[in-house]
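Everything below concerns the one structure shown next.
By convention here, the first residue in the shown sequence is residue 1. The structure presented is a predicted model; accordingly, all values stated were derived computationally and were not measured.
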Amino acid sequence: MKRLFYGLLISLLLAVSSRAQTVEGDWQGTLKVGAEDVRLVLHVTKDEKGGLKATIDHEDHVANPVTSISFVEPALRFEIQQLGSFEGAIDKEGATISGTWTVAATQGSGSLPLVLKRAGTAPKEKQAGGSESP
């Protein structure tokens, strides 16, 4: 009986871990600022401690460091000092993050809708036991 219980528990844990979203990868979006479209590319990776780190490219400015980033499914939040911050939610498919860009006071304040779409495919996640999900 115990063996059956532990087998079911392990199966449940594996199923839950295989469904977890990942935000790692490249995300593209366009901010509409007045008559201008500002193209953005967010690059999210894991840092050496297993947390997240990111940079963002926009127009001619490449690899602006993201000051802080957090992802607690489904919510993604990040900030770029002196430029602004983003708060959004990832969809169930892990393909789109919809939210709001808040412009830093040093740039004039205000908020704008921003949708980030995954560029390419999501990186494979490690499941319990060391295998990668498809």
Side-chain angles (χ1 to χ4, degrees):
M1 186 68 138
K2 283 184 181 181
R3 183 174 260 171
L4 177 62
F5 173 76
Y6 288 121
L8 289 173
L9 181 62
I10 290 170
S11 296
L12 178 62
L13 290 173
L14 288 173
V16 169
S17 70
S18 69
R19 291 188 185 145
Q21 296 279 359
T22 181
V23 74
E24 292 173 68
D26 294 333
W27 299 86
Q28 298 176 348
T30 303
L31 271 177
K32 297 218 179 263
V33 183
E36 288 187 58
D37 288 345
V38 180
R39 291 181 317 269
L40 303 173
V41 180
L42 176 69
H43 308 281
V44 182
T45 58
K46 287 206 182 239
D47 65 15
E48 56 280 346
K49 295 180 182 177
L52 294 176
K53 65 180 180 178
T55 60
I56 195 163
D57 303 341
H58 66 96
E59 302 300 316
D60 297 328
H61 302 31
V62 179
N64 289 294
V66 170
T67 311
S68 64
I69 184 168
S70 67
F71 178 64
V72 179
E73 194 174 344
L76 173 70
R77 293 179 177 86
F78 65 86
E79 180 179 355
I80 303 167
Q81 200 167 32
Q82 306 294 321
L83 293 179
S85 61
F86 175 81
E87 289 191 35
I90 192 169
D91 66 358
K92 291 180 183 179
E93 293 78 32
T96 303
I97 304 170
S98 300
T100 302
W101 175 261
T102 302
V103 180
T106 58
Q107 300 294 315
S109 297
S111 59
L112 301 164
L114 176 60
V115 175
L116 298 169
K117 294 183 180 180
R118 191 178 292 279
T121 58
K124 294 180 181 179
E125 290 186 53
K126 293 273 186 180
Q127 291 183 0
S131 63
E132 291 187 346
S133 65

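Atom OG1 of T100 is separated from atom CG of L112 by 8.5 Å, given to the nearest 0.5 angstrom. Taken to the nearest 0.5 Å, the NE2 atom of H43 stands 10.0 Å off from the CG atom of N64. The structure places OG of S111 at 12.0 Å from CH2 of W101, a figure rounded to the nearest 0.5 Å. In this structure, CG in L83 is found 8.5 Å from CD1 in I56, a value given to the nearest 0.5 Å. Taking OG of S70 as the start and CG of L76 as the end, the distance is 7.0 Å to the nearest 0.5 Å. If you take CG on L116 and CG on D26, they are separated by 11.5 Å, rounding to the nearest 0.5 Å.
The heavy-atom pair separating T67 from Q81 by the smallest distance is OG1-N, 2.9 Å. Residues A63 and D57 share a closest heavy-atom pair of N-OD1, 2.6 Å.
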F71 and I90: CA distance, side-chain angles, deciding distance, side-chain contact (heavy atoms from CB on, under 4.5 Å) verdict: CA-CA 10 Å; F71 178 64; I90 192 169; 3.9 Å; yes
R77 vs E87, side-chain contact (heavy atoms from CB on, under 4.5 Å): CA-CA, chis, key distance, verdict: CA-CA 5 Å; R77 293 179 177 86; E87 289 191 35; 3.4 Å; yes
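Follow the hydrophobic side-chain contacts under 4.5 Å out from F86 and you never reach V115; the two are in separate clusters. No chain of hydrophobic side-chain contacts below 4.5 Å, direct or via other Ile, Leu, Val, Met, Phe, Trp or Tyr residues, connects V41 to I97. Under the 4.5 Å side-chain heavy-atom criterion for grouping Ile, Leu, Val, Met, Phe, Trp and Tyr, L42 is connected to L40 within one hydrophobic cluster.
Between the side chain of R118 and the main chain of G94, a donor-acceptor pair closer than 3.5 Å is present. Remark: side-chain polar atoms of T30 are not paired, donor with acceptor, to backbone N or O of D37 under 3.5 angstrom.
Counting heavy-atom neighbours within 6.0 Å of Q107 CD, excluding the residue itself, gives a total above 12.
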